[in-house]
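Chain naming here is simple, since letters A, B, ... match the order of the sequence lines and numbering starts at 1 in each. Just so you know, these numbers use all the heavy atoms, side chains as well, and skip hydrogens, waters and symmetry mates.
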Amino acid sequence: MPELPEVQTVVNSLKNKLIGRTIISIENPNGYLNVFHKLSIKDFNNYITTKIIKNIKRIGKYIIIELNDGFISIHLRMTGKLLFNESYKKKHISAKFLFEKNNYLIFDDVRKFGRIYYSENLSWLNEKIGIDPLSVNFSQEWLHKKLSYRKRMIKSLLFDQSFIAGLGNIYIDESLWKSKIHPLTIASKLSKNDVKKLHNAIVNILKKAIKFQGTTIINFYFDKNKKGNYGEKLYVYGRNNMNCLRCNEIITKIVVSQRGTHICYNCQKQK
DNA sequence: ACGAATGTTGCGGG
DNA sequence: ACCCGCAACATTCG
């Protein structure tokens with residue numbers, strides 16, 4: 001269930017394995033239709049067969065495979081995993097890419113929410129997706145300006161991928177705890193200092209999480225079943241009924257935007 | 001045993 | 001604009 005750091009970790013681990021490969025074909029061994037969005041497996045093959053992988057990168061939570069002509073974009077959603085030349089069980093395979101010399105890439109996805117797109121360019125994605133929180137353009141000033149007129153609660157706004165692209169439930173809870181902001185606070189009510197702390201928290205937490213190769217709760221793996229190690233660095237996410245690591249009060253779990261939300265009522269006072 | 005919850009997103013309705 | 005409920009799906013937990 002990857003967010004930005006997990007997606008970046010997958011991209012980093014696949015880079016050396018995929019660049020330079022020639023695509024022979026893509027198969028869907030279990031016949032799932034929704035994986036390719038609106039395209040049929042036949043059309044998808046027509047688009048990508050014989051093409052060469054030039055680069056692989058991340059945009060928001062999307063994995064972008066740049067071909068010599070066109071792009072494959074992959075969203076892992078909740079349980080998607082990409083396995084290069086690893087043994088696998090057929091049961092939950094959404095797709096299998098075949099490359100030269102019997103190399104292959106498996107898209108394993110228990111819940112089948114994951115999607116694979118083909119497009120000539122990335123304009124559809126760039127139009128749909130917001131700022132990357134690790135880009136230089138994501139500044140305190142930018143964030144303050146953008147939050148100053150928004151009437152939504154901050155957590156639901158941070159969830160909005162057309163606003164900021166890459167945050168999800170874990171890193172939102174962590175960022176709000178770090179900056180001592182209550183998730184239900186209306187965005188425009190945040191002070192300049194709140195926004196400064198929030199901005200710092202987001203950037204620092206994401207960078208650190210990438211350094212630790214993401215968070216594995218249950219399903220996130222990359223490479224040969226490697227887990228992310230940021231789980232042990234979490235301050236609030238998943239710590240319901242445990243002590244706050246800053247003030248020692250008890251962490252509470254509530255529901256915000258239909259998602260489990262972990263807060264310290266003592267540290268994160270609602271405005 | 002069965003309902004709830006899981007790291008995501010998209011859509012329809014008010 | 002913004003919020004909510006639900007849907008897509010499988011598995012695990014209490």
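Contact between the side-chain N/O atoms of A/Arg115 and the OP1/OP2 oxygens of C/dA8 is not found at any separation under 4.0 Å. The side chain of A/Tyr237 places an N or O atom within less than 4.0 Å of a non-bridging phosphate oxygen (OP1 or OP2) of B/dG7. Dashed line: the shortest gap from a side-chain N or O of A/Ser156 to OP1 or OP2 of C/dC2 is not under 4.0 Å. OP1 or OP2 of C/dT11 lies within a sub-4.0 Å distance of a side-chain N or O belonging to A/His92. Contact check, A/Lys112 against B/dT8: no side-chain N or O comes under 4.0 Å of OP1 or OP2.
In this structure, A/Asn169 atom CG and B/dA5 atom C1' are separated by 12 Å, rounded to whole Å. A straight line from CD1 of A/Ile186 to P of C/dC2 spans 10 Å, rounded to a whole angstrom. In this structure, CG of A/Asp160 is placed 9 Å from P of C/dC2, rounded to the nearest angstrom. If you measure from atom CE of A/Met78 to atom C1' of C/dT12, you get 13 Å, rounded to the nearest angstrom. The distance between atom CG of A/Leu76 and atom C1' of B/dT6, rounded to the nearest whole Å, is 16 Å. Computed from coordinates, the A/Leu4 CG to B/dT8 P distance equals 11 Å when rounded to whole Å. As a whole-Å value, the separation of A/Glu3 CD from B/dT6 P is 13 Å. To the nearest angstrom, P of B/dT9 lies 16 Å from CZ of A/Phe163.
Ranking B/dG7, B/dG10, C/dC9 by closeness to the A/Arg77 side chain, first place goes to B/dG10. Nearest to the side-chain atoms of A/Lys253 among the listed nucleotides C/dC3, B/dA5, B/dT8 stands B/dA5. Taking the side chain of A/Arg111 as heavy atoms from C-beta on, and the options B/dG7, C/dC9, C/dT11, the nearest nucleotide is C/dC9. Across B/dT9, B/dG7, C/dC3, the shortest atom-to-atom separation from the side chain of A/Arg152 is found for C/dC3. Relative to the side chain of A/Met153, the nucleotides B/dT8, C/dC4, B/dT9 differ in distance, and C/dC4 lies closest. Looking at the side chain of A/Lys128, the nearest of the listed nucleotides B/dT6, B/dT8, B/dG10 is B/dG10. The side chain of A/Phe113 has C/dC9 as its nearest neighbour among C/dC2, C/dC9, B/dT9.
Ring centroids of A/Phe138 and A/His199 are separated by less than 6.0 Å, placing the two rings close together.
Pairing for B/dT9 is with C/dA7, a Watson-Crick or G-U wobble pair whose two hydrogen-bonding atom distances lie under 3.5 Å. Of all nucleotides present, only B/dG3 satisfies the Watson-Crick or G-U wobble test against C/dC13, with each distance under 3.5 Å.
A/Ile217 comes within contact range of at least one nucleobase, with a heavy-atom separation under 4.0 Å.
Taking atom C1' in both B/dT8 and C/dA1, the straight-line distance is 22 Å, to the nearest Å. A distance of about 24 Å separates the C1' atoms of C/dC2 and B/dG7, rounded to the whole Å. Taking atom P in both B/dA4 and C/dG5, one finds a spacing of 14 Å when rounded to whole Å. Look at the C1' atom in both B/dT6 and C/dC3: the space between them is 22 Å, to the nearest Å. B/dA1 and C/dA8: their C1' atoms are spaced 25 Å apart (whole Å). When the P atom is used for both C/dT11 and B/dT9, the distance is 22 Å, rounded to whole Å. For the P atom pair drawn from B/dG3 and C/dA7, the interatomic distance equals 15 Å after rounding to whole Å.
Paired with A/Tyr230 under the rule side-chain contact (heavy atoms from CB on, under 4.5 Å), one option of A/Lys211, A/Gln213, A/Lys208, A/Glu6 passes, and it is A/Lys208.
Where A/Arg150 and A/Val110 meet DNA chain C, the nucleotide closest to each residue was compared, and A/Arg150 sits on the side nearer the 5' end.
Side chains of A/Ser191 and A/Asp194: a donor-acceptor N/O pair is present below 3.5 angstrom, by distance only.
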(request) Take A/Tyr118 and A/Lys51 through the test side-chain hydrogen bond (donor to acceptor under 3.5 Å, both in side chains) and record every step on the way to the result. (result) CA-CA 12 Å; A/Tyr118 174 82; A/Lys51 289 184 180 175; 2.9 Å; yes
(request) Start with the C-alpha gap between A/Phe36 and A/Asp43, add the side-chain angles, then the distance that decides, and say whether side chain to side chain contact (heavy atoms under 4.5 Å, CB included) holds. (result) CA-CA 10 Å; A/Phe36 304 106; A/Asp43 287 343; over 6 Å; no
(message) What verdict does the side-chain hydrogen bond (donor to acceptor under 3.5 Å, both in side chains) test give for A/Lys180 and A/Asn266, after you've listed the backbone C-alpha separation in whole Å, the side-chain angles of each residue and the deciding distance to 0.1 Å?
(response) CA-CA 9 Å; A/Lys180 299 188 179 181; A/Asn266 189 42; over 6 Å; no
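Within 3.5 Å, a donor on the side chain of A/Gln258 pairs with an acceptor on the base of C/dG5, or the reverse.
A cation-pi arrangement is not found for A/Arg21 relative to A/Phe84, the charged atom failing to lie both closer than 6.0 Å to the ring centre and inside a 45° cone about the ring normal.
In this structure, A/Phe220 forms no aromatic stack with the base of B/dG7, since the conditions of centre separation below 5.5 Å and plane angle below 30° are not both met.
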